[in-house]
Chemist: 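Just dropping this structure here.
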Protein chains: 2
Amino acid sequence: MKKNKTVTIHDLARELNVSASTVSRALKEHPSIGKKTIQAVKELAQKRGYRPNRLAVSLRSQKSHTIGVMVPLINRPFISSLIHGVEEAAREAGYQVIITQSHDSYEMEKDNVQVMFDSRTSGLIVSLAMETENCEHFSPFLDNNIPIVFVDRVPEKMKCHKVSIDNYNAGFKATEHLIEQGCQRIAHFSGASHQNIYKERLRGYLDALEHHKLPVDESLILKGKVLSAEEAVNLTEYLLDLPSPPDGIFSANDTAAVSAIQYAKSRGVKIPEELAIIGFNNDPISMIIEPQLSTVSHPSVNMGKLAFKKALELIEPGEAAHIIKNQSIELDTDIIVRASSFRNPT
Amino acid sequence: MKKNKTVTIHDLARELNVSASTVSRALKEHPSIGKKTIQAVKELAQKRGYRPNRLAVSLRSQKSHTIGVMVPLINRPFISSLIHGVEEAAREAGYQVIITQSHDSYEMEKDNVQVMFDSRTSGLIVSLAMETENCEHFSPFLDNNIPIVFVDRVPEKMKCHKVSIDNYNAGFKATEHLIEQGCQRIAHFSGASHQNIYKERLRGYLDALEHHKLPVDESLILKGKVLSAEEAVNLTEYLLDLPSPPDGIFSANDTAAVSAIQYAKSRGVKIPEELAIIGFNNDPISMIIEPQLSTVSHPSVNMGKLAFKKALELIEPGEAAHIIKNQSIELDTDIIVRASSFRNPT
DNA sequence: AAAAATAACGCAATCGATTGTGTAAATGGA
DNA sequence: TCCATTTACACAATCGATTGCGTTATTTTT
C-alpha cells in the first residue's frame with residue numbers, strides 16, 4: 001500500500017532506523033556522520049527517488065531561490081527574448097523563474113506585485129506597463145529591501161537599479177543615419193510620452209536634427225498609443241497627405257515601421273528614394289518586409305542575462321560587486337542599415 | 001530598529017497580545033473569533049503590510065499552487081503565445097507559472113524535470129524537446145501522480161493527457177488547398193521524423209495526394225533538421241534544380257516557407273503562378289512577406305489556456321470533469337489563404 | 001584503570017501558516 | 001444559585017528540511 005505521497009527525509013529515516021537529522025546530514029556528507037551511514041542513506045535516497053522539497057528548504061533557509069519577472073506581454077519578440085536571457089542566467093545560478101504579465105495595465109501590475117511578494121521571490125525583474133507612471137506599488141519589495149531590477153521600460157526619476165539601452169543615443173544615431181541618407185524632413189513615430197524610452201528616443205531625434213541644423217516640425221512628431229500596425233497606417237496616411245510630406249520616418253518600433261512601409265508602398269511611394277524608413281527593435285519582420293527594414297538592434301537576450309546577474313548580485317552580494325556599482329546599466333545599440341533607408345548617397 | 005524581515009503572523013500576534021492561531025483565523029473571519037478581534041487583526045495586518053507567506057502555506061497545505069511549463073525555447077512566436085495563454089488561465093485560478101527551457105535538448109529537459117519536481121509544482125505542461133523520443137525522464141511526476149499535460153509536441157505512443165492540433169487534418173487540408181489551386185507536383189518540408197507533429201502533417205500530405213490521385217514522389221519530401229531559414233534555402237535550391245521542379249510547397253513551418261519564397265523570388269520564380277507555397281503556424285512574418293504567405297493557423301493562446309485548464313482539472317478534480325474525459329484534445333486549425341498560394345483558378 | 005577525547009548520532013527548535021483539541025470566561029436556563 | 005452552553009481564544013502538532021546542542025558509546029591518553 002504505497003501512499004500517494006512523495007518521499008521525505010523522514011521516510012528514509014524510518015526505513016533506516018536513524019533520525020531525520022542524520023539523513024539530512026548524510027545527504028550532504030556532514031563530517032560527523034559515519035561513512036557507512038552516508039553510503040546507506042544515499043543509496044536509499046537514490047532508490048526511492050528522494051528529492052528535497054524546495055518549499056521546505058526555502059522556508060527554513062529564508063531563501064526562495066526564485067526570481068520574479070514582470071513584463072507587459074510575454075509574446076512580443078523583444079520581451080520573449082528578454083525572458084529567454086533571464087531564464088538562462090537563472091538556471092545557471094540555480095534559480096527558478098516565475099512570470100507574470102501586466103498586459104500594460106497599471107492595476108494588473110499592482111496585483112502582480114502582490115502575487116510576487118506572496119511568493120517571496122528573492123528578487124524582481126520588471127519591465128513597466130505602458131500605463132505605469134509611478135512606482136509606489138512596488139512598496140512591498142522596496143520596504144522589505146528585496147531587490148528590484150528594472151529593465152527596458154524603466155522608471156524615469158526613481159533612484160533604482162536599471163538595465164536599459166541608451167535610448168537617447170539610439171534615437172540620435174537613427175535620425176542621423178536618415179540625415180546622412182539625405183533626408184531633410186524626418187517624421188518620428190513615438191509612444192506614450194511618460195515612458196522614458198520614448199521620451200529619450202524623441203530627445204535623440206530632436207538633438208540630431210538640431211545638430212545637423214534641420215528645423216523641427218512639430219507636425220511630424222506623432223505619438224501612437226501603442227504603436228500598433230493599425231495606428232501606423234493612420235499616422236502614415238496623415239503624413240503622406242501633408243502639403244509637404246516627410247522624406248524620412250524614424251519609428252520607435254518595427255511594427256509601426258513595417259506597417260508604414262506597407263501603406264506607403266500601397267500609395268506608390270518609393271522606398272527609400274522618396275521615403276526612407278528606420279525602425280526599432282530588430283524584430284524578425286524587419287528582415288522579411290520589402291524593402292528590408294533598417295532598424296536599431298537591442299541586445300535583448302543579453303539584457304535579460306544582465307538583469308538577472310544584477311539582481312543576483314543584489315541578492316547575494318559577492319565578489320562581482322562592481323556590476324552593481326552603477327545603479328544603471330546602459331547598453332549600446334547598433335544601427336542596422338538595410339534597404340528601407342539606404343540611398344547610397346556617395 | 002526595524003529588523004529587515006517581512007511581517008509574519010506571529011509579529012501581528014505579539015503586537016496584539018493574541019496567539020498566532022487567532023490571527024490566522026481572524027484573517028479569514030473564522031466564526032469562532034470575536035468581531036473586535038477580527039477587526040483589530042485586519043487593521044494591523046493592513047497597516048503592517050502583512051501578506052501570507054506562500055511558501056509556508058504551500059508546505060502546510062501540500063499544495064504549491066504552481067504550474068510548471070517546459071518548452072523548447074521561449075522566444076518563438078508560437079511558444080510565447082502558448083505561454084501567454086497558460087499564464088492568463090493560471091492567473092485567474094491563482095496559480096503561479098514557473099518556466100524552463102529545454103533548448104530542444106533531451107538532457108536539459110531531463111534536468112528541468114528534476115528542477116520542477118523539486119519545486120513541487122502541482123502540475124506540468126510540456127512541449128517536448130526536438131531530441132526527445134521517450135518520456136521515461138518524467139518518472140518523478142508520473143510515479144507520484146502529479147499531472148502532466150503535453151501540448152503541441154506530444155508523445156506519440158504514450159497514454160497521457162495531450163492538447164494538440166489535428167496535425168493530420170491540417171496537413172491534409174493544406175495539401176488539398178494547393179491541389180485545388182492546380183498544383184500537380186507538391187513538395188513537402190518536414191521536420192524530425194520521430195516528432196509526432198511532423199509525422200502527422202506528412203501523413204496528411206500523403207493522404208491528400210492519394211485522395212486526389214496524385215503520385216507521391218519521395219524526392220519531393222524533404223526533412224529539415226530544425227526547419228530553419230538557412231535550411232530552407234538549401235532545400236528550395238535543391239527543388240528548383242530538379243529536372244522537373246515542383247509547382248507547390250507545403251512547409252511544416254512558416255520560417256522555412258518564407259525563406260523559400262525569398263529564395264525562389266531571387267531565382268525569378270513567380271509565386272504563386274509557378275510555385276505556390278503554404279506554411280504552418282501563422283507567424284507574424286507570414287503577413288509581411290511578399291506575396292503574403294498562406295498558412296495554417298494554430299489557436300496557440302487558446303492551446304495554452306486549455307492545457308492549463310486540463311491540468312487544473314487533474315489537480316483539483318471538480319465539476320468540469322468532462323474536459324478531461326478524453327485524454328487527448330485535438331483542436332481544429334484554419335487554412336489561411338493568402339497570395340502565396342492563391343491562383344484564383346475559376 | 002580512570003579520565004579525557006572523539007566519533008556518531010538523536011532531540012528539539014526553527015521557518016510561517018494552519019487546524020484539531022482543550023479551556024477559561026461569559027451567558028443562558030432552571 | 002448551580003449546571004449547561006456558548007463564546008473566544010490558546011496550545012500544540014503539522015508540513016519537510018535544517019542545525020545547535022546534548023548524549024551515548026568507543027577509543028585514546030596518561
Side-chain angles (χ1 to χ4, degrees), chain A residues 3-42 44-45 48-66 94 117-122 140 144, chain B residues 3-42 44-45 48-66 94 117-122 140 144:
Chain A
K3 294 173 200 166
N4 178 21
K5 270 194 59 211
T6 60
V7 179
T8 75
I9 215 169
H10 294 93
D11 298 327
L12 301 181
R14 200 175 314 120
E15 197 164 345
L16 290 170
N17 278 317
V18 296
S19 73
S21 42
T22 298
V23 174
S24 173
R25 291 187 170 105
L27 287 171
K28 40 191 55 155
E29 306 193 19
H30 190 284
S32 81
I33 303 295
K35 301 207 169 179
K36 331 145 224 157
T37 309
I38 291 185
Q39 178 72 9
V41 168
K42 285 196 164 184
L44 188 65
R48 296 272 173 272
Y50 167 78
R51 294 249 92 206
N53 185 323
R54 200 163 176 149
L55 297 172
V57 175
S58 295
L59 181 59
R60 171 67 216 240
S61 66
Q62 300 286 69
K63 286 172 192 161
S64 69
H65 285 273
T66 292
F117 181 73
D118 292 354
S119 294
R120 299 295 187 273
T121 59
S122 306
N144 288 289
Chain B
K3 293 174 201 163
N4 177 21
K5 269 195 59 212
T6 60
V7 179
T8 74
I9 217 170
H10 294 94
D11 298 327
L12 301 180
R14 201 176 312 122
E15 198 165 343
L16 290 170
N17 278 316
V18 295
S19 73
S21 44
T22 298
V23 174
S24 172
R25 291 190 168 103
L27 287 171
K28 38 192 55 156
E29 306 192 22
H30 191 282
S32 80
I33 302 295
K35 300 206 170 180
K36 331 145 225 159
T37 309
I38 291 185
Q39 178 73 8
V41 168
K42 284 196 165 183
L44 189 67
R48 296 272 173 273
Y50 167 79
R51 295 248 91 207
N53 184 323
R54 201 164 176 148
L55 297 172
V57 175
S58 295
L59 180 60
R60 171 65 216 240
S61 66
Q62 300 287 69
K63 286 171 191 162
S64 69
H65 284 273
T66 293
F117 181 74
D118 292 354
S119 294
R120 299 297 188 271
T121 59
S122 305
N144 289 289

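Naming convention: chains lettered A, B, ... in sequence-line order (proteins, then strands); numbering from 1 in each chain. Keep in mind that what you see is a predicted model, and the values were worked out from it rather than measured.
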Chemist: Any heavy-atom pair between the side chains of B:Val41 and B:Leu16 that's under 4.5 Å?
Modeler: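 Yes, close enough: below the 4.5 Å cut-off.
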Chemist: How far apart are the C-alpha atoms of B:Thr66 and B:Ser119, what are their side-chain angles, what is the distance that settles it, and do they pass the side chain to side chain contact (heavy atoms under 4.5 Å, CB included) test?
Modeler: CA-CA 9 Å; B:Thr66 293; B:Ser119 294; 5.8 Å; no
Chemist: So for the helix from C:dA1-D:dT30 to C:dA30-D:dT1, with five pairs setting each end axis, what is the inter-axis angle to 10°?
Modeler: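 Its terminal axes enclose an angle near 60°.
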Chemist: Check whether any side-chain heavy atom of A:Glu15 lies under 4.5 Å from a side-chain heavy atom of A:Leu44, and answer yes or no.
Modeler: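 Touching, per the 4.5 Å side-chain cut-off.
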Chemist: Counting the atoms with a prime plus P, OP1 and OP2 as sugar-phosphate, which does A:Arg54 contact under 4.0 Å by heavy atoms, base, sugar-phosphate, or nothing?
Modeler: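 Nothing, no nucleic acid heavy atom in range.
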Chemist: Which pair of heavy atoms, one from A:Ile38 and one from A:Ala26, lies closest together, and at what distance?
Modeler: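 The pair with the smallest heavy-atom distance is CG2-O, 3.7 Å.
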Chemist: Can you tell me how far apart CD (A:Gln62) and CG (B:Leu55) are? Round to the nearest 0.5 Å.
Modeler: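 Answer for the CD-CG pair, A:Gln62 versus B:Leu55, is 9.0 Å.
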Chemist: When rounded to the nearest 0.5 angstrom, what is the spacing between OG1 in B:Thr8 and CG in B:Asn53?
Modeler: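 Rounded to the nearest 0.5 Å, the OG1-CG separation comes to 9.0 Å.
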Chemist: Pick the nucleotide of DNA chain D nearest each of B:Ser61 and B:Val23; which residue has the one closer to the 5' end?
Modeler: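 It is B:Val23, whose closest nucleotide lies nearer the 5' terminus.
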Chemist: Determine whether B:Tyr50 and B:Leu27 make a side-chain contact, defined as any pair of heavy atoms from C-beta on separated by less than 4.5 Å.
Modeler: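 Yes, at least one pair of side-chain atoms sits under 4.5 Å.
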Chemist: Should the pair A:Arg51-B:Asp118 be classified as a salt bridge under the 4.0 Å nitrogen-to-oxygen rule?
Modeler: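 Salt bridge present between A:Arg51 and B:Asp118.
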Chemist: Scan nucleotides 4-9 of chain D against the protein and return all N/O pairs shorter than 3.5 Å with their distances rounded to 0.1 Å.
Modeler:
unit_1 : atom_1 : unit_2  : atom_2 : d
D:dC9  : OP1    : B:Thr37 : OG1    : 2.5
D:dC9  : OP2    : B:Gly34 : N      : 2.5
D:dC9  : OP2    : B:Thr37 : OG1    : 3.0

Chemist: For DNA chain C, which nucleotides open and close the run of contacts to chain A, 5' to 3', at under 4.0 angstrom from a non-hydrogen atom?
Modeler: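 Terminal contacting nucleotides, 5' to 3': C:dA8 to C:dG16.
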Chemist: Just verifying a value: how many Å separate A:Arg14 CZ and A:Ser19 OG, rounded to the nearest 0.5 Å?
Modeler: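 Going from CZ on A:Arg14 over to OG on A:Ser19, the span is 12.5 Å.
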Chemist: Does any non-hydrogen side-chain atom of A:Arg120 lie less than 4.5 Å from one of B:Thr6?
Modeler: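 Side chain of B:Thr6 against side chain of A:Arg120, heavy atoms only: contact under 4.5 Å found.
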